[in-house]
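Everything numeric here is computed off the predicted structure, so don't read it as measured data.
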Amino acid sequence: MADKSSAGAYWAANIRVIAISMVIWFACSFGLGILLRPALSGIHIGGADIGFWFAQNGSIYVFLILIFVYAKVMNGIDRAHGVEE
């Protein structure tokens, strides 16, 4: 990375990916698990309603998926900006 504009573009892309990941995780953990739980009480997964499932298990699964997606996306951003390992 040679100049400050390229460094700024890299960090802007990095922050954008982090912000999107945090919004997805918040929507799954807080939104589906807490805010929308009463509305989702009729749908059952493994004996529990889907709101409870997202609060207990789903948000963890989403977080694990987001880790791998983040690593893949950041590898692409690193290559595009010339800072790959």
> Atom CE in M74, atom CZ in R79: separation rounded to 0.5 Å?
Replying inline: 11.0 Å
> Taking a hydrophobic cluster as the set of Ile, Leu, Val, Met, Phe, Trp and Tyr residues connected by side-chain heavy atoms closer than 4.5 Å, whether directly or through intermediates, do V23 and Y61 fall within one such cluster?
Replying inline: no
>> Quick check on side chain to side chain contact (heavy atoms under 4.5 Å, CB included): which of V62, I67, V69 does I65 satisfy it with?
In response: V69
>> Nearest 0.5 Å, please: how far is CZ in R16 from OG in S21?
In response: 11.5 Å
> Which residues pass the side-chain hydrogen bond (donor to acceptor under 3.5 Å, both in side chains) test with Y70, sequence neighbours left out?
Replying inline: N14
>> Using 0.5 Å steps for rounding, measure from the CH2 atom of W25 to the CD1 atom of I60.
In response: 9.0 Å
>> Measuring from atom CD1 of I20 to atom CG of L66, what distance do you get when rounded to the nearest 0.5 angstrom?
In response: 11.0 Å
> Are L64 and I24 linked, directly or through other ILVMFWY residues, by side chains that come within less than 4.5 angstrom of each other?
Replying inline: yes
> Could you give the distance from SG (C28) to CZ (F63), rounded to the nearest 0.5 Å?
Replying inline: 12.5 Å
>> Considering only residues two or more places apart or on different chains, which pairs with a residue in residues 41-60 satisfy salt bridge (charged side-chain N to carboxylate O under 4.0 Å, His left out)?
In response: R37-D49
> Looking at CD1 of I77 and NE2 of H81, how far apart are the two atoms once the value is rounded to the nearest 0.5 Å?
Replying inline: 6.5 Å
